[in-house]
**Q** 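Before anything else, here's the structure in question.
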Amino acid sequence: MTNRRRFAFAFSAIVALASALVPLRVDAQKTDRGKQLGAKLMCMCGCNQILTQCNHIDCPRSGPEIKELDQIVARNEPDNLVLQDFVQKYGQAVLSEPPSTGFNSIAWYIPGVAFALGLSIVVVLIRLWRQRDVARLATAAGPPAPGTPPVSALRNSQLERARRQADRETDD
């Protein structure tokens, strides 16, 4: 055998071995409709991932669920009935997003309300801080209160006291 044939034989043996070792994936979600519906459902193995994106190796739940979904899609049942079938079989936890009816509608409104509330608190605090700064600047820039000596007189008196203290301490 020539080197080329040996190489080709070795290469094909490696490819055959690698393909045998790669786990077989479920041949599911052949239609776009099946993919869309699979994205609306959760894998029930406890991984909290969307059914079509469950990445557990040999997941015991995603394969049968995907096959079941493909069979229902093949029967051309409406989307809401497909989702209803899964809810009846697995409960509300199978839905990837909560329905927007009844008490579950709160889950849709809370993020917007929390954002609006937080934004309004920030705006109110900024306005209060600005008013406080404006009031402080207004009093600082205004004329001195009656009966208070000017700033330069205060500094001169403090300097004089400091000199007297220093003289006393050095005389001792």
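FYI, the numbering just counts along the sequence from 1.
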**Q** In the hydrophobic clustering (ILVMFWY, side-chain contacts below 4.5 Å, transitive), which residues join Phe115, or is it alone?
**A**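 Once heavy-atom contacts under 4.5 Å are chained together, Phe115 belongs with Leu119.
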**Q** In the hydrophobic clustering that connects Ile, Leu, Val, Met, Phe, Trp and Tyr at side-chain heavy-atom distances below 4.5 Å, which members other than Val113 occupy its cluster, ordered by chain and number?
**A**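 When side chains under 4.5 Å apart are linked, Val113 ends up in no cluster with other residues.
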**Q** Do the non-hydrogen side-chain atoms of Arg61 and Tyr90 ever get within less than 4.5 Å of each other?
**A**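 Result yes, sub-4.5 Å side-chain heavy-atom pair found.
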**Q** For Glu160, what residues pass the side chain to side chain contact (heavy atoms under 4.5 Å, CB included) criterion, not counting sequence neighbours?
**A**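 Checked Glu160 against side chain to side chain contact (heavy atoms under 4.5 Å, CB included); matches are Arg163, Arg164.
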**Q** Got a second to check how far Ile66's CD1 is from Leu37's CG, nearest 0.5 Å?
**A**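 So the gap between those two atoms works out to 12.5 Å.
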**Q** For Gln165, what residues pass the side chain to side chain donor-acceptor pair (under 3.5 Å) criterion, not counting sequence neighbours?
**A**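 Here the qualifying residues are Arg168, Glu169.
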**Q** Among residues two or more places apart or on two chains, list those pairs meeting salt bridge (Lys or Arg N to Asp or Glu O under 4.0 Å) that have a residue in residues 88-97.
**A**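 Listed once each, the pairs are Glu68-Lys89.
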**Q** Taking all non-hydrogen atoms of both residues into account, name the closest pair between Gln49 and Cys54 and its distance.
**A**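 Result for this residue pair: OE1-CA, 3.2 Å.
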**Q** Other members of the hydrophobic cluster containing Leu159, with the 4.5 Å side-chain heavy-atom rule, please.
**A**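 Via sub-4.5 Å side-chain contacts, Leu159 links to none.
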**Q** Tell me, please, which residues at least two apart from Glu77 pass side chain to side chain donor-acceptor pair (under 3.5 Å).
**A**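 Listed in chain order: Arg75.
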**Q** Excluding sequence neighbours, so at least two apart, what forms salt bridge (Lys or Arg N to Asp or Glu O under 4.0 Å) with Asp85?
**A**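 Residues passing salt bridge (Lys or Arg N to Asp or Glu O under 4.0 Å) with Asp85: none at all.
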**Q** CG of Asn48 to OG of Ser96: how many Å apart, nearest 0.5 Å?
**A**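 If we round to the nearest 0.5 Å, Asn48:CG and Ser96:OG are 12.0 Å apart.
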**Q** Is Cys59 close to Cys47 at the side-chain level, that is, under 4.5 Å between some pair of heavy atoms?
**A**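 No; the side chains remain at least 4.5 Å from each other.
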**Q** Sequence neighbours excluded, which residues qualify as side chain to side chain contact (heavy atoms under 4.5 Å, CB included) partners of Pro78?
**A**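 Scan of Pro78 (side chain to side chain contact (heavy atoms under 4.5 Å, CB included), adjacent residues dropped) gives Asn80, Leu81.
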**Q** Closer than 4.0 angstrom, basic N to acidic O: yes or no for Arg33 and Asp79?
**A**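 Here Arg33 pairs with Asp79 in a salt bridge, since their nearest N and O are under 4.0 Å apart.
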**Q** About how many Å separate OG1 of Thr52 and CE of Met42, when rounded to the nearest 0.5 Å?
**A**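 Here the rounded value is 10.5 Å.
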**Q** About how many Å separate CG of Leu95 and NZ of Lys40, when rounded to the nearest 0.5 Å?
**A**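 Nearest 0.5 Å value for the NZ-CG distance: 10.0 Å.
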**Q** Looking only at heavy atoms, what is the nearest atom pair of Leu41 and Leu83, with distance?
**A**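 Leu41 and Leu83 have their closest heavy atoms at CD2-CD2, 3.6 Å.
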**Q** If hydrophobic clusters are built from ILVMFWY residues whose side chains come within less than 4.5 Å, do Leu69 and Ile50 share one?
**A**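 No: no chain of side-chain contacts under 4.5 Å links Leu69 to Ile50.
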**Q** Would you confirm whether Glu65, through its side chain, and Met44, through its main-chain N or O, come within 3.5 Å as a donor-acceptor pair?
**A**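 Looks like yes, one N/O pair under 3.5 Å.
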**Q** Using distance only, find each side-chain donor-acceptor pair of residues 122-129 under 3.5 Å and give its atom names and separation, not counting sequence neighbours.
**A**
none

